[in-house]
Amino acid sequence: MSGSFEKTKAAYDRAVRTIPLGSQTFSKAAAATVEGAAPLFLDRGDGARVWDLDGNSYIDYVLGLLPVVLGYRDPDVDAAIRAQLDKGISFSLATELEAELAERLVDFIPCAEMVRFGKNGSDATSAAIRLARAYTGRDRIALCGYHGWHDWYIGTTARHLGVPQAVRDLSSAFPFNDADALEALLRADPDGFAAVILEPMALDPPAPGFLKAIRALCDRYGVVLVFDEIVTGFRIHLGGAQAAFGVTPDLAAFGKAMGNGMPISAIVGKREIVRLMEDIFFSGTFGGEALSLAASIATLDKLQAVDGPAVICALGAGLKRDVKGMIADHGLDTELAMKGGDWWPAAAPTGKGRAEPVMVASLMKQELIAEGVLMGSTFNLCLAHAQDGIIEETLAAWNRALGTVSAALESNDPAARLRGKPIRPVFQVRPAKEAE
Ligand SMILES: Cc1ncc(COP(=O)(O)O)c(C=O)c1O
């Protein structure tokens, strides 16, 4: 059970004086949690657990927003970082680590013939868009999913303040699993589109034939197909969703889980397109930063050695089954539904129950925190969740939290059961997942 949040409160009051939001990331900010009844700062992590400033500990199903794929303080990754630290961090010329890591990505990922590195997922998705525009000589982008903070994507959302209209006009969103909607866009401007970029899977699986249909449309209209594998990468399969579903894009963006928490991303793809990196401008001070490269090599080697994606899928399949059963036992299946693949399960508010989805999500988040589980609606999984007792402890905490939420919804006034402010979503980029 978590206790007080005194130190969180003091740290937040201090941080907001100099840091807008008091955080670098919307989904780590106060508005993303039940402010007053939740930690806002963490002090340390180990395996699948984290500790907040007040000394409360949690089993963590956020994992730094998905990068921590092995667990906190993984001994092999940390040893690789320490060994590199003894040699240096950032150098005046390239290191051999770059080709070592690139070769692994080429081995794992079907579309990968050449590779460049970035720091954030947004670096990789934005590099893919620039490459596609350079390759096709066209400007327009069709997109589906969440792709980061850059103008070409965020201009299509409600958070477009600061993005010029001329840039917004070049990007058009289409719904997932709706190849007809994409076809209508392309048919209306057959020589206009440079790229189609989509998350090949988020919480909903691709409908049978959907990814193949998108591939065929891109071929027909001469458009570069980009898979955004920032979330799927190294979790659904070592080769990404493209390996899992057998549809190969022209380019793909990877990030998050690549370095078990170190900042690294990659843009990979067909040689004839990625080679254009020599002509466009994608170049930065930290692209070859060596600690992250060393961490990524160690992370991928370990994921391969233990078949990490299979471990993650087995954990997720069990959680999906057991949490679904508990939701039904507590009479909450009109409010909460299990979604997502085994690699990324979610317990998402349905919007059909006795309270607004945001109230259900707020109550769940509050009660899970009280029971020692830190999570949003998704179970972000890592190999350390497979350690002794972690899943059993999670299920016991869920069972108690569901009991409390059920009692709150039975009461006349569920909002009165909140011990802080309800969650205030930034905007919804995909069902049940907030912007990051
Ligand atoms: C699918 C997807 N693409 C791109 C990004 C952007 O990555 P980053 O936040 O590392 O820039 C994210 C981040 O959550 C993501 O989920």
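Ligands are counted one by one from 1 in listed order, and the atoms in each one are counted from 1 as well. Just so you know, these numbers come straight off a predicted model, no measurement behind them.
Between Thr125 and ligand 1, a contact under 3.5 Å exists for no N or O pair. Between Trp149 and ligand 1, not a single N/O pair is under 3.5 Å apart. Here's the thing with Gly121: one of its N/O atoms is less than 3.5 angstrom from an N/O atom of ligand 1.
Heavy atoms from other residues, nucleotides or ligands lying under 6.0 Å from CH2 of Trp149 number 12 at most. Within a 6.0 Å sphere centred on CZ of Arg215, heavy atoms belonging to other residues, nucleotides or ligands number more than 12.
The pair Asp151-Arg168 fails the salt-bridge criterion, with no side-chain N (NZ, NE, NH1 or NH2) lying under 4.0 Å from an Asp/Glu carboxylate O. For the pair Glu35 and Arg424, the salt-bridge criterion is met [side-chain N within less than 4.0 Å of a carboxylate O].
Glu229 does not count as a contact of ligand 1, since none of its heavy atoms falls under 4.0 Å from the ligand.
Close approach to Asp228 involves these atoms of ligand 1, each under 4.0 Å from a residue heavy atom: 1 (C), 2 (C), 3 (N), 4 (C). Taking a cut-off of under 4.0 Å to the non-hydrogen atoms of Lys256, the atoms of ligand 1 that pass are 13 (C), 14 (O), 16 (O). Near Ser122, meaning under 4.0 Å from any of its heavy atoms, are these atoms of ligand 1: 6 (C), 7 (O), 8 (P), 11 (O). Near His147, the atoms of ligand 1 lying under 4.0 angstrom from a non-hydrogen atom of the residue are 3 (N), 4 (C).
Atoms CD and CZ, from Gln387 and Arg49 in turn, are 9.0 Å apart once rounded to the nearest 0.5 Å.
Residue contacts with ligand 1 for Ile230 involve side-chain atoms from C-beta outward but no N, CA, C or O (heavy atoms, distance under 4.0 Å).
Between Met364 and Ile369, every side-chain heavy-atom pair lies at or beyond the 4.5 Å cut-off.
Shortest non-hydrogen contact noted between Ala127 and Ile267 is CB-CG2, 4.1 Å.
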